[in-house]
Amino acid sequence: MTNNAYRTMVELISAAAEKGAIKKAVLSKSTNAATVKCTLTLRRVSGKTVLQAETFCADNKALHENITPNDTERLCALASAWGQINLLTTLGDCELRSSKKGKVTLMGGDKLSRALAENDVPCARIESNNREKNYILSGGEPFLKLLDVSDENGRVRDKRQSKFRQINRFLELIRDCVGHLPAEGDLRICDLCCGKSYLSFAAYHYFTEVLGRDVKMTGVDLKPDVVAYCNEVAKKLGFDGLEFLCGDVNKYTCDEHVHLVISLHACDIATDFVLNKATEWQADVILSTPCCHHEMNHTLECEALSFIAKHSMLRQKLCDAATDAVRLARLEACGYTVCALELIDPEETPKNIMLRALRRRNFDPASPEAKKLWEDYLAAKAFLVGDKTVAF
C-alpha cells in the first residue's frame with residue numbers, strides 16, 4: 001500500500017484494537033465485484049484477542065479471518081481492496097474515502113489519534129464466539145424487585161423488558177468508563193434530575209456489589225414525593241452510601257470532588273444545568289441522555305438552515321441534533337473527550353442518545369487548542385441562534 005491515508009487508517013485500527021477501544025470497522029465500496037462488505041470486530045478466540053474480519057460476498061457467502069491487531073501489513077493488504085472505511089471506537093469515529101479519480105481523504109483521523117494517545121481509554125465490549133447475550137444484571141437483583149422491574153422470583157416482567165435492557169446498556173456504558181475513574185478510594189457519584197432513579201440504584205449496585213467499591217452517591221430531583229420514595233427504597237436495600245435530596249440542581253453544591261455525573265432524560269434545558277454543574281465540578285466522567293430539545297426550537301435563527309427549519313417535523317429533528325452537537329462542543333472546550341452514543345434501540349425510545357464526556361487530565365485551558373475549541377463552540381452557537389441568550 002502506497003497511500004499514506006490508508007496506512008494511517010490501518011495504524012488507527014491497530015491502535016484502537018490493541019487498546020480495546022475499537023467497536024467495529026466497516027469496509028465498503030469494494031474494488032472486487034465478488035465482495036460486498038467487510039467488518040472488523042474484536043473477538044476472543046482460544047483465549048487470544050483478535051480482529052475478526054468477516055467478508056460478505058456477492059454470492060451471499062461470508063468468509064472469516066482472524067488477524068492479530070498488530071499485524072499492520074495484513075491489515076494494509078485487506079484495507080487496500082476497499083474504497084471506504086469507517087472506524088467506530090469508544091473515543092469517536094473516523095472515515096476514509098477514496099474517489100473514483102483516486103483521491104483519498106481521511107476525516108477525523110487526527111482527532112482520534114490524539115484521543116488514543118491519552119492514558120485512560122474506555123474499552124469496548126469484546127465478544128467471544130459465543131454470541132449469546134450476557135447482561136451485567138440477571139434480573140434477580142433486590143433493587144430490581146423493589147422497583148418492580150422483576151417479580152419476586154427474579155423474572156423480568158414482560159412490560160419491563162425494555163427498561164431492563166436500558167438499565168443493562170447503561171451499566172455497559174459505565175463499565176466502558178471505569179478505567180477513567182480512580183482505581184482506589186471512595187467514589188463520589190451524582191445523579192442529577194434523577195427522577196425515579198432506576199439508574200442511581202443500578203449504578204450503586206454495580207460499583208458496590210459487582211466491583212466491590214466504596215461509594216458515596218447522591219440523587220437530586222425537584223419532586224419531593226419521588227425523593228421520599230427513593231430514600232425509602234435505598235433504606236430497604238441497605239444502600240447506606242446512597243441518598244436522595246429534593247432541590248434544584250443549580251443550587252446543589254458538593255464539597256468533595258465528584259468522579260461521575262449521570263443523568264437520564266433531564267428535560268430540555270435541565271440537561272444543560274446538569275452539564276454545567278458537572279463541568280464546574282470537573283467531573284472525571286459525564287454520562288447524560290438528553291430529553292425534549294425545546295429551547296433551540298424556539299430560538300433557532302439561521303437563514304442558512306431555513307430550508308430545513310420551515311418544516312416543523314424536520315425543524316425539531318434538526319434542533320435535537322444541533323443542540324446536542326453544541327453541548328458536545330462546549331464539553332470539548334472545557335477539556336473533555338466527547339462522543340454521542342446510542343443508549344438503546346431507537347424502536348424502544350426515540351430519546352436514545354447518550355452524551356459521554358471523559359475529562360482530559362493533561363488539558364491546559366490556557367493553551368491555543370483550548371482557545372480554538374472555545375471559539376469553535378461560540379461560533380457554532382452564534383451560527384444557530386445569533387446573539388440570543390440560551391442555556392446550551
Side-chain angles (χ1 to χ4, degrees), residues 136-137 141-150 160 163-164 166-171 173-174 177-178 181-182 185-292 343 349 351 354-355:
I136 292 176
L137 303 176
E141 291 77 9
F143 80 91
L144 291 176
K145 295 178 182 179
L146 274 178
L147 294 174
D148 203 35
V149 175
S150 304
R160 295 289 196 158
K163 175 61 69 176
F164 180 68
Q166 181 192 69
I167 293 171
N168 272 287
R169 172 58 177 155
F170 187 80
L171 291 183
L173 292 170
I174 287 181
C177 301
V178 166
L181 298 171
D186 293 358
L187 288 176
R188 188 69 174 94
I189 304 173
C190 289
D191 184 353
L192 304 181
C193 301
C194 59
K196 286 193 70 175
S197 305
Y198 292 99
L199 300 188
S200 296
F201 290 108
Y204 188 86
H205 168 87
Y206 178 68
F207 281 109
T208 59
E209 301 298 324
V210 178
L211 299 186
R213 299 295 301 271
D214 291 323
V215 173
K216 183 178 180 182
M217 185 170 183
T218 304
V220 182
D221 198 86
L222 283 170
K223 299 177 182 177
D225 56 332
V226 171
V227 168
Y229 167 77
C230 291
N231 275 320
E232 182 181 352
V233 172
K235 184 177 181 180
K236 289 180 179 178
L237 290 166
F239 284 2
D240 297 334
L242 176 60
E243 65 172 355
F244 296 90
L245 302 177
C246 184
D248 185 343
V249 297
N250 280 320
K251 298 178 181 178
Y252 174 67
T253 59
C254 185
D255 296 333
E256 306 161 279
H257 176 69
V258 178
H259 302 109
L260 171 64
V261 172
I262 62 175
S263 180
L264 179 69
H265 296 158
C267 191
D268 197 18
I269 60 174
T271 291
D272 299 294
F273 298 156
V274 170
L275 298 180
N276 290 343
K277 184 64 69 172
T279 54
E280 174 189 321
W281 290 335
Q282 292 189 312
D284 298 302
V285 176
I286 305 169
L287 298 173
S288 174
T289 301
C291 173
C292 310
L343 175 61
T349 172
K351 304 162 187 174
M354 167 71 73
L355 306 183

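Along the sequence shown, residues are numbered consecutively beginning with 1.
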Query raised in the report: Excluding sequence neighbours, so at least two apart, what forms side chain to side chain contact (heavy atoms under 4.5 Å, CB included) with Ser150?
Result: Leu144, Lys145, Val156
Report summary line: Closest non-hydrogen contact found for Cys193 with Val249 is N-CG1, 3.8 Å
Query raised in the report: Roughly how far apart are His259 NE2 and Ile189 CD1, rounded to 0.5 Å?
Result: 9.5 Å
Query - Interatomic spacing from CG in Leu222 to CG in Asp248 - rounded to 0.5 Å - result: 5.5 Å
Query - Audit row: Glu209, Glu141, side-chain contact (heavy atoms from CB on, under 4.5 Å) steps and yes/no - result: CA-CA 10 Å; Glu209 301 298 324; Glu141 291 77 9; over 6 Å; no
Report task. Can you measure from CD (Glu280) to CG (Asn250) and round to the nearest 0.5 angstrom? Result -> 9.0 Å
**Report entry** Heavy-atom closest contact (Ala278 atom, Ile286 atom, distance)
**Finding:** CB-CD1, 3.6 Å
Query - Closest approach of Cys194 to Phe244 (non-hydrogen atoms, all atoms of both residues) - result: SG-CD2, 4.0 Å
Query raised in the report: Taking only residues at least two apart or on different chains, which pairs with a member in residues 217-226 satisfy side-chain hydrogen bond (donor to acceptor under 3.5 Å, both in side chains)?
Result: Arg188-Thr218, Thr218-Glu243
Query - Closest non-hydrogen atom pair between Cys230 and Gly195, with its separation - result: SG-O, 3.8 Å
Query raised in the report: Looking only at heavy atoms, which two atoms of Lys163 and Val149 are closest? And how far apart?
Result: CG-CG2, 4.3 Å
**Report entry** Heavy-atom side-chain proximity of Gln166 to Leu264 below 4.5 angstrom
**Finding:** yes
**Report entry** Rounded distance (nearest 0.5 Å) linking atom CZ of Phe143 with atom OG of Ser197
**Finding:** 12.0 Å
**Report entry** Pairwise side-chain contact, Phe201 with Leu146, heavy-atom cut-off 4.5 Å (strictly under)
**Finding:** no
Query raised in the report: Is there side-chain contact between Leu192 and Ser288, with at least one heavy-atom pair below 4.5 Å?
Result: no
Query raised in the report: Sub-3.5 Å donor-acceptor pair from the side chain of Arg169 to the main-chain atoms of Phe164, do we have one?
Result: no
Query raised in the report: For the residue pair Cys177 and Leu287, what are the closest heavy atoms and their distance?
Result: SG-CD2, 4.3 Å
Query raised in the report: If only atom types and distance count, is the side chain of Lys196 paired as donor or acceptor with the main-chain N or O of Val226 below 3.5 Å?
Result: no
Query raised in the report: Do His205 and Leu137 come close enough that some side-chain heavy atom pair is under 4.5 Å?
Result: yes
Requested in this report: Look at the side chain of Asn168 and the backbone N and O of Ile136, then say whether any donor-acceptor pair between them is shorter than 3.5 Å.
Outcome: yes
Query - Non-hydrogen side-chain atoms of Leu173 and Met354 separated by less than 4.5 Å - result: yes
Report task. Look at atom CD of Gln282 and say whether more than 12 heavy atoms of other residues, nucleotides or ligands are closer to it than 6.0 Å. Result -> no
Report task. Specify whether Trp281 and Tyr252 have parallel, tilted or perpendicular ring planes, treating 30° as the upper limit for parallel and 60° as the lower limit for perpendicular. Result -> perpendicular
Query - Distance, nearest 0.5 Å, that separates CG of Leu187 from OG1 of Thr208 - result: 10.5 Å
Query raised in the report: Rounded to the nearest 0.5 Å, what separation is found between the CG atom of Leu199 and the NE2 atom of His265?
Result: 9.0 Å
Query raised in the report: Is Phe170 close to Ile262 at the side-chain level, that is, under 4.5 Å between some pair of heavy atoms?
Result: yes
Requested in this report: Look at atom CG of Asp148 and say whether more than 12 heavy atoms of other residues, nucleotides or ligands are closer to it than 6.0 Å.
Outcome: yes
Report task. May I ask you to test the Leu147-Tyr229 pair for a side-chain heavy-atom distance under 4.5 Å? Result -> yes
Query raised in the report: Do the non-hydrogen side-chain atoms of Leu171 and Val210 ever get within less than 4.5 Å of each other?
Result: no
